[in-house]
Amino acid sequence: MSEYAAPVRDMQFVLRELAALDEIAALPGFGDATPDVVEQILDESARFCAEVLAPLNRPGDVEGSTWRDGEVTTPKGFKDAYRQFTEGGWNALQFPAEHGGQGLPKLVAAPVMEMWKAANLSFSLCPLLTGGAIEALLLRGSDAQKRAYLPKMIAGVWTGTMNLTEPQAGSDLAQVKTRAVPAGDHYRIFGQKIFITYGEHDLAENIVHLVLARTPGAPAGVKGISLFVVPKFLPRADGTPGERNDLRCVSIEHKLGIHASPTAVMAYGDKDGAIGHLVGEENRGLEYMFIMMNAARFAVGMEGVALCERAYQKALAYAKERLQSREIGASGSQPAPIIRHPDVRRMLMSMKAQAEATRALAYVAAAHHDRAHHHPDEAARARSQALLDLLIPVVKGWSTETAIEVTSTGIQVHGGMGFIEETGAAQYLRDARITTIYEGTTGIQANDLIGRKVAREGGATAKAVLAEVERTAGALRDAGAANLGVIGARLAAGRKAAAECVDWIVANAGADPKAVHAGAVPFLKLCGIVLGGWQMGRAALAAQARLARGEGDAAFLQAKIATARFFADHPLAHATALRDVVVEGAPGVLALSDEQF
Amino acid sequence: MKVLVPIKRVIDYNVKVRVKADGTGVETANVKMSMNPFDEIAVEEAVRLKEAGVATEVVVVSCGVAACQETLRTALAIGADRALLVETDAELQPLAVAKLLKAIVAKEGPQIALLGKQAIDDDANQTGQMLAALLGWPQATFASKVKIADGKAEVTREVDGGLETVATKLPVVITVDLRLNEPRYVTLPNIMKAKKKPLETLKPDALGVDVAPRLATLKVAEPPKRKGGVKVPDAAALVDKLRNEAKVI
C-alpha cells in the first residue's frame, strides 16, 4: 500500500453533497465537468500522486534542494516527476482553454491540488507559484505578454515566481526598494528579493519572475509599486528561451521544513540591470497582487487540509499496528493495537474530523469562486464573491493553524517514534509550520477578516452566513435523530457565539480598534470551527438522508455522522469560550507597557 | 490493421473482497470497480502498437452492465480510438463472453484480439482460449513480449519452465501477462478527449448470441480462517502431529 492514498470517497462526498458539483458543472463553460469525468480525473490524479509524488516526499525532505554557483539542484527524482506532471497535463487543469488550459472549475481543481499538496508539499509549491504568475498575466498582462508566456507556463514548460519580499519589506510591502529604470520599451530592474519560492531550480527550461519594484519618482508607500515580468532567459521571437537575463540566485535558505522547495535570494541587475517589462499600469502593482492574493491564500489553506489528511493517514496506520498495553476492560495480558485506547482514538478522531471539516469548508469556498466568476446572474455572482471574500481568510488561517495542531497530534500518536525523523511524522509538522506564515500570517488573515470582511460592511455578509448556519442547526434539531440533535444544539451555540462577536466587532471597530484587533485571531479560529462545524452538520444531514434512502455505503455514511458528532462535541464545543476571549480578552492583551514585558 | 481489446470491469484490486451473507456471490454494491489490470496491459500494448505505426485502429469492447461505460472511457483515455459495449445485466460466463466477442470480431474484422490472460475476479483464464477456438484462430497466451511484423506475430510466453517464443500467422488471439508492459499514467487532456470519442452500445440479442449460463454456482465461501499456532514440546511430538493430524508425512 502507498504511503498516501487520496481520500477520493470523502472528496466525492463533499463535492456532491456539500459543494453542489452538479450546480457548478451546469454553469456556462463547465459542461465538461460531468460526474463521470470528475470521477476519472480524481482516480487518475490519485494514482499519479500515490505512485509518483508521494514516494519522493521523505527523500526530498532528507536531501533538500542544493545551491552551487547560482544553480539549484532539486532532490533526486523531482525532475523526472515534474516532467511526468507536465506531460500529464496536470499543470493546465484550471486555466482557460484559449491559452492551452483545460478550463475546469476551481471546485474540481481543489481536490486535485489537495492531492499534490498531501503527496508532496514541497513539489506542489512549484506549480502553485507558476499558477500565481499565470493569474497575474491573465489579469493584467498585455496581449504580447500573454502570447509569449502563458502557453509555456500553463503547460508547465516554464515556471513562475512571485517576487514581493525584500529584507526590510515583509508583511509591509510599502517598504519595497527594488528599482525599475525605464530603458526604451522596457525597464532595467535593480534590487534584491528574498524568500522566492522556486526562484531557481532545474525542473524547467525557463523561469518567469514577476517582480514588484518602484519606477523613478513613484509615490512613496504602496501606491508607488509596479509589477514587472522578468524572465530568467529572454524569450526569442520564435518563443524559445534566449539570452540570459541579468538576474541570479545568490543563495537558498536553510529552513525548518519544505526542504525540497528551494527558497531563493534573488539579485537583479548586478551588471546592467535585468530586463523587465511592465505588467498593466505603473504604480498599480500591489493592487494586482491583491487580486491574486485570494487565489494564493485559498491554495495555502488547501495545504492545511492536505497536511491534516496526510498526518491522519500515517497516524492511523501506526495506531492499527502498534501493540502496547492491554485494552481497558479486556481479559488476559495480550497487548492491544493502540487504536483501542480511548485517548489514542480521541486523537485520531480529532485529526479525522478536522481534516474533513477543513476540506468541506475549503471546497465550499471553491464552489463560490466558480459561481463568482461564471454564474450568469450578476446578483448571484456578487453574493458568491462576498461570501468567498469572507471565507478566504478563514480557510487560509484556520486550516493552516489546524494543520499545525493535527500534524503535532500525529507525532503524539506515534509516541517516541514520532520524535524520530526516520518515522516521517515529524516532517508534516515541520512542513506545516510555514503555512501559517507565508501568503499572509494568521494575524494578517485575522486583521483582513475583522477589518475588510466584517467591520467595513457592518457585518452584513457574516450575518447572512450565520443565518444559514442557524437554518442548518434547525434542520439538525428537527431531524429526529439523537446524534443530529446534539450536533444541532452545539452548532446553534456556536452560531450565537460568533454572532455576538460580529456585533461586538462592528460596534467597537471604530471606537476601540486595538481591542478589536487583540481578539482578531481568536475570532478567526471561532469562525473556522463554527463554519467548519456548519459543513459537518450539513454533511451529517446529507449522510442521514442517503441512509434513509438506502443509498451509498452505509459504513461510510454512519462514520460521517459520528465524525460530525465528534466535531460538534470537541472543536465546536470551544466556540462559547472563544466568544469570551474575543469580547472580553482585550484588556489582558493590552495592559502592559513595553517595559513591563 | 485493427486491434480489438476486450476489457472487463472488476472489483478494484485494492478492495478487500467480501462474500455475501447468503453465499451466492461476492458483495459488489458500493464497491469501487475498475478495469481488470491484465486488460489494462492489453490496452496499453494495443495503443503502443498504434503509436509504433503497426496498428491503425484500437477498438475496445466490454460485455456487461451499463456502468462498464466508465471502464471503456478509461481505455479511451489511455488511447483507444472507440468503444463498444455489449450491454446486459445477465451473469456472463467465459463461454458467453467468447461467443459475444466472436460476433464482434465478425462485425469489426480485427487482425489481432488482445486480451488480458485472466480477470482478477473469477480468475477463469478461459475467455481468450475459447475465443481462439470459436474463431479457429491461432492463440498465443501469457505474453510477456509481442512483436508484429510481416503478417506474423512473434510472442514470448511466460511458461512454468521459463520463456517460450512462438510465431503465429495473423489473425491471432493474444492474451497478455503482467510483465508485458507498464501501463502509462492517463493524462488530463486524454481524459477530457475520451469523453468525446465514440462509444456504441449493442445488445446480445442483436448479435444473435445466447448468453445463458452453462454453469451453476453452488456456493461462494470465504477461505477458512487460519488457526493460531501451537508450541510442541519436542521433535517427536512434531513428527506425530505432522503424521497423524496434518497427515503430510
Side-chain angles (χ1 to χ4, degrees), chain A residues 1-2 5-6 8-9 12-13 30-53 80-81 83-95 97 100-104 108-109 112 154-156 334 546-547 550-557, chain B residues 7 9-18 20-21 27-37 40-41 43-44 47 51 60 62 65-80 83 85 182-197 199 201 228-229:
Chain A
M1 174 145 165
S2 160
V8 173
R9 193 166 48 170
Q12 289 275 21
F13 178 87
F30 289 155
D32 286 344
T34 52
D36 54 334
V37 169
V38 172
E39 186 177 338
Q40 209 176 4
I41 291 172
L42 296 193
D43 282 349
E44 292 300 334
S45 171
R47 180 174 164 217
F48 179 77
C49 288
E51 294 177 9
V52 178
L53 299 185
D80 189 48
R83 183 187 54 75
Q84 293 187 62
F85 175 82
T86 52
E87 284 177 3
W90 295 107
N91 200 61
L93 191 69
Q94 55 172 335
F95 300 113
Q102 288 297 337
L104 284 163
V108 176
V112 175
I154 287 174
Q334 285 289 85
R546 292 185 72 169
L547 283 167
E551 283 173 21
D553 181 346
F556 171 79
L557 296 169
Chain B
I7 62 175
R9 176 180 161 90
V10 298
I11 294 181
D12 187 84
Y13 68 96
N14 280 313
V15 171
K16 192 163 179 282
V17 176
R18 284 198 311 261
K20 279 186 190 161
E27 195 60 71
T28 53
N30 301 308
V31 170
K32 183 172 166 49
M33 309 289 281
S34 54
M35 196 192 308
N36 176 37
E40 209 179 330
I41 291 167
V43 176
E44 173 70 32
V47 172
E51 286 167 349
V60 286
S62 190
V65 296
C68 292
Q69 288 190 23
E70 291 167 24
T71 318
L72 289 167
R73 291 283 175 211
T74 304
L76 294 172
I78 294 171
L85 170 62
E182 210 172 302
R184 68 194 63 191
Y185 292 107
V186 173
T187 69
L188 183 62
N190 285 344
I191 293 173
M192 309 306 289
K193 278 183 212 146
K195 180 83 181 162
K196 296 177 179 80
K197 289 183 179 176
L199 192 158
T201 301

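Sequence lines set the chain letters: A, B, ... in the order given, protein chains first and strands last, and positions in each chain run from 1. Note that these values count all heavy atoms, side chains included, but never hydrogens, waters or copies made by symmetry.
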side-chain hydrogen bond (donor to acceptor under 3.5 Å, both in side chains) partners for D32(A), two or more places apart:
none
Tell me the closest heavy-atom pair linking G88(A) and P189(B), and the distance in Å.
O-CD, 3.5 Å
Is atom CZ of R18(B) surrounded by more than 12 heavy atoms (other residues, nucleotides or ligands) closer than 6.0 Å?
no
More than 12 foreign heavy atoms under 6.0 Å from CZ of F556(A): is that the case here?
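More than 12 heavy atoms, drawn from other residues, nucleotides or ligands, come within 6.0 Å of this atom.
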Supply the atom-to-atom distance D36(A) CG to I191(B) CD1, rounded to the nearest 0.5 angstrom.
11.0 Å
Set of residues satisfying salt bridge (Lys or Arg N to Asp or Glu O under 4.0 Å) with respect to D553(A), sequence neighbours excluded
R9(A)
Please examine the side chains of [Y] and [X], heavy atoms only from C-beta on, and report whether any two atoms are closer than 4.5 Å.
| X | Y | answer |
| --- | --- | --- |
| K32(B) | V8(A) | no |
| N30(B) | E551(A) | no |
| L104(A) | L188(B) | yes |
| Q40(A) | E70(B) | no |

Given that the side chain runs from C-beta out, which part of T34(A) has a heavy atom under 4.5 Å from chain B: side chain, backbone, both or neither?
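The answer is the side chain of T34(A).
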Can you say whether A194(B) sits under 4.5 Å from chain A via the side chain, the backbone, both, or neither, judging by heavy atoms?
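A194(B) has no heavy atom closer than 4.5 Å to chain A.
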Applying side chain to side chain donor-acceptor pair (under 3.5 Å) between Y185(B) and each of E51(A), E44(A), R47(A), Q84(A), report the one that passes.
E51(A)
Hey, mind stepping through R73(B) and V37(A) against side chain to side chain contact (heavy atoms under 4.5 Å, CB included) and telling me if it holds?
CA-CA 9 Å; R73(B) 291 283 175 211; V37(A) 169; over 6 Å; no
